[in-house]
Amino acid sequence: MPEGHVLHRQARLQRRRFAGEVVRTASPQGRFDEGAARLDGQTVAEIRAIGKHLIYRFDSDDHLHIHLGLFGKFRLRRQPAPEPSPNCRLLLWTDTDELHLAGPTACEVLDPGAIDALEARLGPDPIARPADGAERFAARLATRSIPIGKALLDQKVIAGLGNVYRAELLFLLGIHPFVPSKEVLAHEVDALWDLSVIELVEGERAGKIVTVDPADLGRTRRSELGRGEKLYVYKRHNRPCRRCGTTVVAADIDGRNIWWCPSCQPER
DNA sequence: GTGTCATGCGTAT
DNA sequence: TACGCCTGACACG
């Protein structure tokens with residue numbers, strides 16, 4: 001269940017194994033037979049992530065585009081690797097390493113133009129830290145009257161945030177999720193961008209989302225936080241806020257749940 | 001074993 | 001706003 005940090009981390013790990021290598025490809029499940037046949041035996045030129053998308057560029061200029069959606073999963077293994085799941089859409093391997101991909105929303109071969117178009121429709125990606133990222137994020141927010149809690153999931157506004165990060169970032173900055181995007185103050189917009197960079201880069205490094213300041217739980221390091229202690233509000237409906245003890249509440253925005261602390265994130 | 005839910009998104013209505 | 005798609009983990013019996 002992937003937000004942008006997962007894709008960037010996968011890009012980094014897969015790059016280490018497959019960049020510059022001739023790879024074999026297959027589709028055990030059969031639903032990517034044509035693409036796998038086309039890519040089989042090609043050399044990987046580059047692997048990168050943009051927001052929640054992962055892109056392989058091959059020497060032929062064929063591109064492999066992967067989007068995990070809600071269910072997609074990568075498994076990266078050393079050879080000899082275990083049997084892939086029967087649902088394995090893409091199997092990609094060398095003599096030393098093997099990648100299993102199951103459940104993606106997208107696994108397709110695209111030409112360079114389609115990759116450009118994909119990139120053009122995405123907002124700034126905090127992990128890529130573009131120099132004009134904060135400006136572009138602010139500009140896209142300023143045109144929206146939708147709640148900030150909805151805008152943060154719009155990949156045209158900012159690329160890579162998902163349901164966990166949106167809830168946690170809004171908590172950390174004390175912003176109620178239903179505040180209209182236009183009414184979020186300029187310094188808060190800047191802080192949202194800056195904190196997105198910090199949290200996603202840290203998530204990429206750690207391979208998990210941990211937003212809780214250990215001091216709030218009487219610890220000194222994030223590594224001392226146990227299971228179920230890593231997040232402030234995500235999925236904590238009816239439980240006490242880790243900062244102030246107020247009961248965390250939940251609501252539905254466009255079919256996605258959002259959680260917040262009514263005291264730390266007051267209505268305006 | 002069955003049922004439910006999930007860190008997503010595109011398309012139709 | 002609703003629905004379809006995609007898989008697997010976990011709760012419950």
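Just so it is clear: chains get the letters A, B, ... in the order the sequence lines come, proteins before strands, and each one is counted from 1.
When heavy atoms are screened at a 4.0 angstrom cut-off, A:Gln29 is found touching the sugar-phosphate backbone but no base atom. If you check every strand for non-hydrogen atoms under 4.0 Å, A:Asn257 touches sugar and phosphate atoms only.
Near-neighbour residues of DNA chain C inside residues 197-213 of chain A, defined by a heavy atom below 4.0 Å, are absent. In the region residues 83-91 of chain A, proximity to DNA chain C at under 4.0 angstrom, judged on heavy atoms, holds for A:Ser85, A:Asn87, A:Arg89.
A:Arg31 has its CZ atom 11 Å from the C1' atom of C:dT7, to the nearest Å. The CZ-P distance, from A:Phe71 to C:dG4, rounds to 13 Å in whole Å. Protein atom CD of A:Glu108 is 18 Å distant from nucleotide atom P of C:dC5, rounded to whole Å. Between A:Ile146 atom CD1 and C:dT1 atom P there is a gap of 12 Å when expressed in whole angstrom units. As rounded to whole Å, 13 Å separates atom C1' of B:dT7 from atom CG of A:Leu169.
Using the six-membered ring where Trp is involved, A:Tyr56 and A:Phe58 have ring planes that are parallel, under 30° apart on the 30 and 60° scheme.
In terms of the side chain to side chain donor-acceptor pair (under 3.5 Å) criterion, A:Gln155 has no residue partners (sequence neighbours excluded). Every residue meeting the side chain to side chain donor-acceptor pair (under 3.5 Å) condition with A:Lys150, not counting sequence neighbours, appears here in chain and number order: A:Asp254.
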Under 3.5 Å, which protein N or O atoms sit close to an N or O of nucleotides 9-13 of chain B? Give each pair with its distance.
residue, atom, partner, partner atom, Å
B:dC9, OP1, A:His67, NE2, 3.3
B:dC9, OP2, A:Lys52, NZ, 3.3

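Using C1' as the reference atom, B:dT7 and C:dT1 are 23 Å apart when rounded to the nearest Å.
Listed pair A:Tyr234 / B:dT7 meets the phosphate criterion, a side-chain N or O lying under 4.0 Å from OP1 or OP2. Distances shorter than 4.0 Å separate none of the side-chain N or O atoms of A:Arg166 from OP1 or OP2 on B:dT7.
Residue pairs that meet the side chain to side chain donor-acceptor pair (under 3.5 Å) test with at least one member in residues 81-92 of chain A, sequence neighbours left out, are A:Gln29-A:Arg89.
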